[in-house]
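Data block below; observations after.
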Number of protein chains: 2
Amino acid sequence: MVEDVVRSFGFLTLGTRMKRVGEKLQADTQRIMDELGAPLQAGQYPFLAAIDRLGPLTVGELAEATGVTQPGATRTVALLVELGMLDTEQSADDQRRRIVSLSREGKRLVATAKRDVWPRIDAAVTDLCGDLDGPLLEQLAAIEDGLAAAPLNRRAAKVKS
Amino acid sequence: MVEDVVRSFGFLTLGTRMKRVGEKLQADTQRIMDELGAPLQAGQYPFLAAIDRLGPLTVGELAEATGVTQPGATRTVALLVELGMLDTEQSADDQRRRIVSLSREGKRLVATAKRDVWPRIDAAVTDLCGDLDGPLLEQLAAIEDGLAAAPLNRRAAKVKS
DNA sequence: TCCATTTATATTACATGTTATATAATTGTG
DNA sequence: CACAATTATATAACATGTAATATAAATGGA
């Protein structure tokens, strides 16, 4: 077993390390969702959740709300329209804008996710991180070790009961 | 200005959020390196640093040390060989293994980076995160706000004097 | 010793992020 | 009120991660 240099380098490689931990969390989250039958990718839910919370939004507003660039938002919206989860209409007063809203199916999916899926994910992540405190690098190490010891989907199953 | 839903959702969207913060840190780090004339991408340095620290490694060991998958390591190694920073040789006792080492130029780059670049990056990130404490979500918020207020390259310039 | 299994690396296909730029609609100003 | 500048979205080109699979070498047991 070789030393994990990204972990060893401390603040110097913090960006790489946080990105890596984030990707691992997302991958584990995806597994929970797969097990529960949720039909989308983890990274797509923020788009649905943003509209659910804020009402119909333009592409640019969705980019802001989800923290991706505008081209990223354009692409994900196109995909979710393709999948039947979102509808778009041209804005009446500004023909450049596209107003994105939840389709009937999108609304159903959000309702189900809010009830059955998101609470489990939240509980699993809380199980992993909720009690953490102290310096950032120590918390990151605890998260990495915690994920290695028991991935989120195992924690979700545990918490569920 | 639209609400940042990934931030609002707390633990539920922690993976997306950490990935995003990590990407932002990396992008800022890249800008420091660009300003200092470092010729590689931020994400490529862990490969050089791993070999500098641990000596020549196989592709698989590099994957472990840098925390990427083996195909990712294969590709990055190929790129860095192309750029003249790494050399590879077939292992004598196991023809499947490729031993990856720093080229003369790679060694020179690591020496320069260790002296001139990495300390600045470390100092800038420490300026941003070094004093943080408390619950994870609060620290993440502080990092996001801190980066928005003064990106890492500004902090590097400040610390440098 | 032969051959099935395992292991190390490479390849393929894809997901999802970015930046730079194109296009079309709107706005503001001389 | 025409036209330059701005704004919203789309597209293109690329970077970098993954999983699944192919290929070639090493290993181990009948």
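Keep in mind that the numbers below use all heavy atoms, side chains included, and drop hydrogens, waters and symmetry copies. In what follows, every chain begins at residue 1, and chains take the letters A, B, ... in the order their sequences are listed.
Under the 4.5 Å side-chain criterion, counting only non-hydrogen atoms from C-beta, B/T66 is not in contact with B/T76.
Rounded to a whole Å, the CD atom of B/Q30 is 12 Å from the P atom of C/dT19. Between B/E61 atom CD and C/dT9 atom P the separation is 8 Å, expressed in whole Å. Atom CZ of B/R20 is separated from atom P of C/dT16 by 16 Å (rounded to the nearest Å). Put simply, CG on B/L25 is 16 Å from C1' on C/dG17, counting in whole angstrom units. Between the CG atom of B/D34 and the P atom of D/dA15 there is a distance of 14 Å, given to the nearest Å. Rounded to whole Å, the distance from CZ on A/R98 to P on C/dT23 is 18 Å. Between the P atom of C/dA15 and the CG atom of A/L79 lies a distance of 8 Å, rounded to the nearest Å. B/I99 has its CD1 atom 12 Å from the P atom of C/dA8, to the nearest Å.
Salt-bridge formation is not detected for the pair A/R98/A/E89: no Lys NZ or Arg NE/NH1/NH2 atom is positioned less than 4.0 Å from an Asp or Glu carboxylate oxygen. A/K107 and A/D52 are not joined by a salt bridge, as no carboxylate oxygen comes within less than 4.0 angstrom of a charged side-chain nitrogen. Salt-bridge annotation for A/D28 and A/R155: absent, with no side-chain N of the basic residue lying under 4.0 Å from a carboxylate O of the acidic one.
A donor and an acceptor atom sit less than 3.5 Å apart, one in the side chain of B/Q70 and one in the base of C/dA10.
Relative to the ring axis of B/F11, B/R17 does not place its NZ or CZ within 45° and under 6.0 Å from the centre.
Taking side-chain N and O atoms only, B/T69 has no distance below 4.0 Å to OP1 or OP2 of D/dG17.
B/D131 CG: 12 or fewer foreign heavy atoms inside a 6.0 Å radius.
In the set D/dT16, D/dT9, C/dA8, the nucleotide with an atom closest to the side chain of A/T74 is D/dT9. Across D/dG17, C/dA8, C/dG17, the shortest atom-to-atom separation from the side chain of B/R97 is found for C/dA8.
Take the nearest nucleotide of DNA chain C for B/G60 and for A/P71: the residue whose nucleotide is more 5' is B/G60. Comparing B/R75 and B/T58 by the nucleotide of DNA chain C whose heavy atom lies nearest to each, the residue mapping closer to the 5' end is B/T58.
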What's touching nucleotides 25-27 of chain C from the protein side, N or O pairs under 3.5 Å?
residue: C/dA25; atom: O3'; partner: A/Q95; partner atom: N; Å: 3.4
residue: C/dA25; atom: N3; partner: A/R96; partner atom: NH1; Å: 3.4
residue: C/dT26; atom: OP1; partner: A/Q95; partner atom: N; Å: 2.8

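The residue from B/T58, B/L57, B/D87, B/L62 that alone fulfils the side chain to side chain contact (heavy atoms under 4.5 Å, CB included) condition with B/V100 is B/L62.
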